[in-house]
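Within every chain, numbering begins at 1; the chains are lettered A, B, ... in the order of the sequence lines, protein sequences first and strands thereafter. None of these values were measured; they are calculated from a predicted model.
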Amino acid sequence: MPLSTSQSLIIFGIISLITFIIRATPFILFPDNKETPKYIKYLGKVLPSTIIAMLVVYCLKDVNVLAYPNGLPELISIGAIVILHIWKRSTLLSIGGGTLIYMALVQTVFI
Amino acid sequence: MTLNKHKEALKVAFPYTIPVLTGYLMLGAAFGILMKSKNYSLIWTLMSSIFIYAGSMQFVSVGLVASGFNPISAAIMTLLVNARHIFYGIAMLPKFKGLGRKKWYLIHGLSDETFSILSSVKIPSHIDRAWFLFYITLLNQIYWVIGSGLGNLVGSIVSFDIKGIDFVLTALFVVIFIEQLLTKKSHLLEIIGAGSAIACRLIFGPDNFLIPTMILILILVIILKKPLERRT
């Protein structure tokens, strides 16, 4: 271990505490028994759709389109997911199929 | 709540978590191996996955302890990496209303993947809402804890011939995103989210673009409040 036991406990403890505080902040500021301000309600309604889009981009953040394999495995797999999902509309099939295609591509085609 | 009701909620919840099961076992194992490489044993790995339970921050934490004892930079780094969770909380305020003490566990367990499932799931009417949300959250964390523990114990022995399997979590977000596009009439919010993230990724690079993205999204949804309210 790079740090002593107590030093490690302090660092991991701080990370754990701050992570929980961040997650709990909206719930502490706007508790159940008080009317949530209109503006926050509005944000709560519109933010989820934008965050899912942000998370998709976040997952693909390290893809480099300028260098081999130019993001092709991701592009092909996501294309397959879109087609599969519009065709069968089955979440598990789309996720499973897309993942298998991606694995096949990075293991055999784009090595 | 009778035992049967619990079983039923668990049974309905489980299928939603299957993609996360695959992804968390693999990514969790990668985290466990990383901990092992710095000589952190099983107990440290499990404690991290139980009490921190924020994947990307857990990976970052290994780098932090390896660079020396610096609590201030650990605190700042945590704020930066996990700031996006404020958004998750604001979005979940209505869904977590009136859940009693279970709410505090749901807050702790609100990872990226759990958030994406909970925010998109339609809760079947015959199932207890609170326990349904609770079991999805709990199952996901159990997968992560088990994955990281296994990785720490046996990871370095087993060679990884499953390259690319972590794409399952990308696929999960992509499918939820498509589903959103298919079910909603206006796609302005999706354009705002994706557009902001892509623009900020190009400007700020892969490691520092989440916070600028969140600020940009906030500005845009505030400016576009009128048209957005008309369309949703």
For this session: Inspect the contact between Glu229(B) and Lys45(A) and indicate whether a charged nitrogen and a carboxylate oxygen are less than 4.0 angstrom apart.
Result: no
For this session: Indicate the atoms forming the closest heavy-atom contact of Ile165(B) with Thr99(A), along with that distance.
Result: O-CG2, 3.9 Å
For this session: Take Trp44(B) and Thr5(A) through the side-chain contact (heavy atoms from CB on, under 4.5 Å) test and state the conclusion after the steps.
Result: CA-CA 10 Å; Trp44(B) 287 99; Thr5(A) 301; 3.7 Å; yes
Problem set entry | CE-CG distance between Met54(A) and Leu216(B), expressed to the nearest 0.5 angstrom | 11.5 Å
Exercise. Can you find a heavy atom in the side chain of Met1(A) that is under 4.5 Å from one in the side chain of Tyr40(B)?
Worked result: yes
For this session: Apply the test side-chain contact (heavy atoms from CB on, under 4.5 Å) to residues Ser4(A) and Phe69(B): give CA-CA distance (whole Å), side-chain angles for both, the deciding distance (0.1 Å), then the verdict.
Result: CA-CA 9 Å; Ser4(A) 71; Phe69(B) 181 68; over 6 Å; no
Exercise. In terms of the angle between their ring planes, are Trp104(B) and Phe20(A) parallel, tilted or perpendicular, with boundaries placed at 30° and 60°?
Worked result: tilted
Exercise. Does CD1 belonging to Ile72(B) count more than 12 external heavy atoms closer than 6.0 Å?
Worked result: no
Problem set entry | Value rounded to 0.5 Å, distance of CG in Asn70(B) from CD1 in Ile10(A) | 12.0 Å
For this session: Report the C-alpha separation of Thr19(A) and His108(B) in whole Å, then their side-chain angles, then the decisive distance to 0.1 Å, and conclude whether the side-chain contact (heavy atoms from CB on, under 4.5 Å) test is met.
Result: CA-CA 8 Å; Thr19(A) 301; His108(B) 171 64; over 6 Å; no
Exercise. If you look at every heavy atom in Leu43(A) and Val221(B), which pair is closest and at what distance?
Worked result: CD2-CG2, 3.8 Å
Exercise. Do Phe96(B) and Asp32(A) have side chains that get closer than 4.5 Å, going by heavy atoms?
Worked result: no
Problem set entry | Interchain contact, Phe27(A) with chain B, by part (heavy-atom threshold 4.5 Å) | both
Exercise. At a heavy-atom separation under 4.5 Å, does Leu93(A) approach chain B through its side chain, its backbone, both, or neither?
Worked result: neither
For this session: Give, as side chain, backbone, both or neither, the part of Ile50(B) having an atom under 4.5 angstrom from any heavy atom of chain A.
Result: neither
Seminar exercise, completed: For Pro26(A) and Leu93(B), the nearest pair of non-hydrogen atoms, with its separation, is O-CD2, 3.6 Å
Problem set entry | Region of Pro71(B) that comes under 4.5 Å of a non-hydrogen atom in chain A | both
Exercise. Atom CG of Leu55(A) and atom CG of Leu210(B): how far apart are they, to the nearest 0.5 Å?
Worked result: 8.0 Å
Problem set entry | Interface moiety of Leu3(A) toward chain B, non-hydrogen atoms closer than 4.5 Å | both
Exercise. Which distance, rounded to the nearest 0.5 Å, do you find between the CD1 of Ile176(B) and the OG of Ser94(A)?
Worked result: 11.5 Å
Problem set entry | Within-4.5 Å side-chain heavy-atom neighbours: Ser61(B) and Ile11(A) | no
Problem set entry | Contacting moiety of Ile86(B), where chain A heavy atoms sit under 4.5 Å | both
Exercise. Between the side chain of Glu190(B) and the main-chain N/O of Ser49(A), is any donor-acceptor distance below 3.5 Å?
Worked result: no
For this session: Just give me the residue among Asp62(A), Leu60(A), Val57(A) that pairs up with chain B most often, heavy atom to heavy atom, under 4.5 Å.
Result: Val57(A)
Exercise. CE of Met214(B): more than 12 outside heavy atoms within 6.0 angstrom?
Worked result: yes
Exercise. Does a side-chain heavy-atom distance below 4.5 Å link Val174(B) with His85(A)?
Worked result: no
Exercise. So, for Pro48(A) and Ala91(B), which heavy atoms are closest and what is the spacing to 0.1 Å?
Worked result: CG-CB, 3.5 Å
Exercise. Which one, Val56(A), Leu17(A), Ile15(A), Ile40(A), leads in non-hydrogen pairs under 4.5 Å with chain B?
Worked result: Ile15(A)
Seminar exercise, completed: Taking every heavy atom of Ala194(B) against every heavy atom of Ala53(A), the minimum-distance pair comes out as N-CB, 3.4 Å
For this session: Please answer whether the main-chain N or O of Gly164(B) pairs with a side-chain N or O of Gln107(A) as donor and acceptor at a distance below 3.5 Å.
Result: no
Problem set entry | Residue pair Phe167(B) / Met103(A), side-chain heavy-atom distance below 4.5 Å | no
Problem set entry | Distance in Å, Ile86(A) CD1 paired with Leu181(B) CG, rounded so as to fall on 0.5 Å steps | 9.0 Å
Exercise. Taking Ile78(A), Thr25(A), Ile52(A), Leu84(A) one by one, which has the highest count of heavy-atom pairs under 4.5 Å against chain B?
Worked result: Ile52(A)
Problem set entry | Cation-aromatic face contact Lys163(B)/Tyr102(A), 6.0 Å, 45 degrees | no
Exercise. Measuring heavy-atom distances to chain A, does Leu188(B) have an atom under 4.5 Å in its side chain, in its backbone, in both, or in neither?
Worked result: neither
Exercise. What part of Ile22(A) gets closer than 4.5 Å to chain B, counting heavy atoms only: side chain, backbone, both or neither?
Worked result: both
For this session: Count the heavy-atom pairs under 4.5 Å between each of Phe12(A), Tyr42(A), Phe30(A), Tyr58(A) and chain B, then report the option with the highest count.
Result: Tyr42(A)
Exercise. In this structure, are over 12 heavy atoms from other groups packed under 6.0 Å from Lys38(B) atom NZ?
Worked result: no
Exercise. Stepwise, does the side-chain contact (heavy atoms from CB on, under 4.5 Å) test hold for Tyr39(A) with Ile222(B)?
Worked result: CA-CA 9 Å; Tyr39(A) 234 91; Ile222(B) 288 170; 3.7 Å; yes
Exercise. For the side chain of Arg201(B) and the backbone of Lys61(A), is there at least one donor-acceptor N/O pair under 3.5 Å apart?
Worked result: yes
Exercise. For Ile95(A), is it the side chain, the backbone, both or neither that has a heavy atom under 4.5 Å from a heavy atom of chain B?
Worked result: both
Exercise. Are any non-hydrogen side-chain atoms of Lys97(B) and Thr36(A) less than 4.5 angstrom apart?
Worked result: yes
For this session: Calculate, to the nearest 0.5 Å, the distance between atoms CZ and CG belonging to Arg84(B) and Leu47(A) respectively.
Result: 14.5 Å
Exercise. Which answer fits Ile51(A), side chain, backbone, both or neither, if we ask what part of it has an atom under 4.5 Å from a heavy atom of chain B?
Worked result: side chain
For this session: Side chain from CB out, backbone as N, CA, C, O: work out which of these in Lys103(B) comes under 4.5 Å of a heavy atom of chain A, or both, or neither.
Result: side chain
Exercise. Considering only heavy atoms, which portion of Leu9(A) lies under 4.5 Å from any heavy atom of chain B: side chain, backbone, both, or neither?
Worked result: both
